[in-house]
Amino acid sequence: MSAWEENVRRVTPYTPGDQPNRPKMIKLNTNENPYPPAPGVEKALRDFDPDCLRLYPDPGASALVNVLADYCHVKREQVFVGVGSDDVLAMAFMTFFNSEKPILFPDITYSFYPVWAEEFRIPYETPPLDEGFHIVKEDYCRDNGGVIFPNPNAPTSLALGASEVEDILRHNQDVVVIVDEAYVDFGGESVLPLVDRYDNLLVVQTFSKSRSMAGMRIGFAVGSPRLIRYLNDVKYSFNSYTMNQLTLRLGVEAVLDEAYFQETTGKIIRTREAARRRLAGLGFQSLDSRANFLFITHPEYEAKELYEALKKEDIYVRYFDAPRISRYLRVTIGTDEQMEALYGFLERYEALHRKER
Ligand SMILES: *Cc1c(COP(=O)(O)O)cnc(C)c1O
């Protein structure tokens with residue numbers, strides 16, 4: 001090891017799901033939306049005048065902040081935007097989690113949380129989910145340096161009701177509580193209405209899942225004006241121009257098309273419920289999902305083997321080689337056609353499995 005390496009900040013990076021890109025593959029492994037972005041987004045892309053790229057973008061991203069404030073029924077000073085919610089969350093960890101006391105998040109959850117905690121040297125503890133993979137809210141009602149959890153949780157797909165989240169908030173008024181609502185538009189209950197009553201609540205959402213724009217990188221946070229001011233201070237001391245001109249333009253269009261948003265999220269919810277029934281018929285158990293994915297297990301199959309077998313057919317799902325969940329697969333809800341291809345394969349797999357026994 002060279003001497004200079006002793007002073008390197010070392011981190012174990014987050015491992016994203018595979019991002020292969022073949023024309024006919026069925027990609028159900030990273031919770032992307034199978035439908036295109038809203039028609040207004042495509043039109044704005046076609047009409048985009050590259051001349052505006054000469055200029056720096058608006059550092060306050062006000063066009064996007066304004067439509068989001070209207071959409072969330074809050075004031076402009078209550079909205080923060082960033083390069084995907086990963087950027088927003090990382091900024092929030094840095095801004096709000098500076099206590100000596102450990103922050104709390106579930107043992108099974110979005111695997112970026114421990115990565116940021118390590119990176120920013122934030123002590124953390126991970127209260128275990130119960131046997132059925134539910135968050136035990138009592139575990140968050142003790143002395144801590146901050147709280148964060150996704151609702152619905154990933155990769156379990158289970159959600160807490162807004163009143164349960166409020167219970168957690170009521171017991172945590174001296175720290176910042178971040179609720180990561182990446183999947184809330186697929187049937188979860190948002191706690192956005194609580195931001196005016198709890199000035200320590202930060203609600204984070206993303207355009208990556210319900211708005212079909214993972215490739216554009218847009219996330220946002222809503223909270224009390226004071227919370228948002230602190231976040232902006234940190235952002236401006238880092239990089240003022242996080243949101244580029246094109247992203248701002250397309251992001252606005254995505255928010256304005258409420259009808260398309262309702263239509264596509266509704267379709268995904270319907271496909272998800274049909275998928276639960278079909279998969280149950282094939283012997284799978286799935287948790288009661290409020291997200292755009294199912295967390296499934298089969299009493300007879302090794303999840304890893306099934307994952308590999310699916311991959312050979314160019315069907316990608318997510319397998320986590322981690323304690324407690326190694327018998328599970330996370331399957332993103334695709335189009336009905338994509339799901340049919342999945343069921344078709346699983347029927348063949350079942351027949352093969354039966355023959356082998
Ligand atoms: C997908 C996801 C995010 C990050 O999404 P971005 O693409 O960075 O907006 C954050 N939290 C959870 C729980 C997610 O699943």
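For ligands, and for the atoms within them, numbers begin at 1 and follow the listed sequence.
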Give yes or no for whether the N/O distance cutoff of 3.5 Å, strictly under, is met between D180 and ligand 1. yes
Exercise for review: Determine whether the side chains of N66 and S62 contain a donor N or O and an acceptor N or O closer than 3.5 Å.
Suggested key: no
query: So, R276 and S286: side-chain donor and acceptor under 3.5 Å apart, yes or no?
result: yes
Under 4.0 Å from one or more heavy atoms of S208, ligand 1 contributes atoms 6 (P), 7 (O), 9 (O)
Counting from 1 in the order shown, the ligand 1 atoms closer than 4.0 Å to a non-hydrogen atom of G84 are 8 (O), 9 (O)
Cut-off 3.5 Å, side chains only: do K209 and T206 have a donor facing an acceptor? no
**Prompt:** Taking the non-hydrogen atoms of Y183, is any one of them nearer than 4.0 angstrom to ligand 1?
**Reply:** yes
Verify the ring-centre separation between Y110 and Y14: is it less than 6.0 angstrom? yes
If we number the atoms of ligand 1 from 1 as shown, the ones under 4.0 Å from a heavy atom of R217 are 6 (P), 7 (O), 8 (O)
Atom 3 (C) of ligand 1: closest protein heavy atom, distance to 0.1 Å, is K209 NZ, 3.4 Å
Atom 5 (O) of ligand 1: closest protein heavy atom, distance to 0.1 Å, is S85 OG, 3.2 Å
#### Entry: Any donor-acceptor N or O pair under 3.5 Å, side chains Y198, E166
yes
Checklist entry - Do Q205 and D180 meet the criterion of a side-chain donor-acceptor pair at a distance under 3.5 Å? => result no
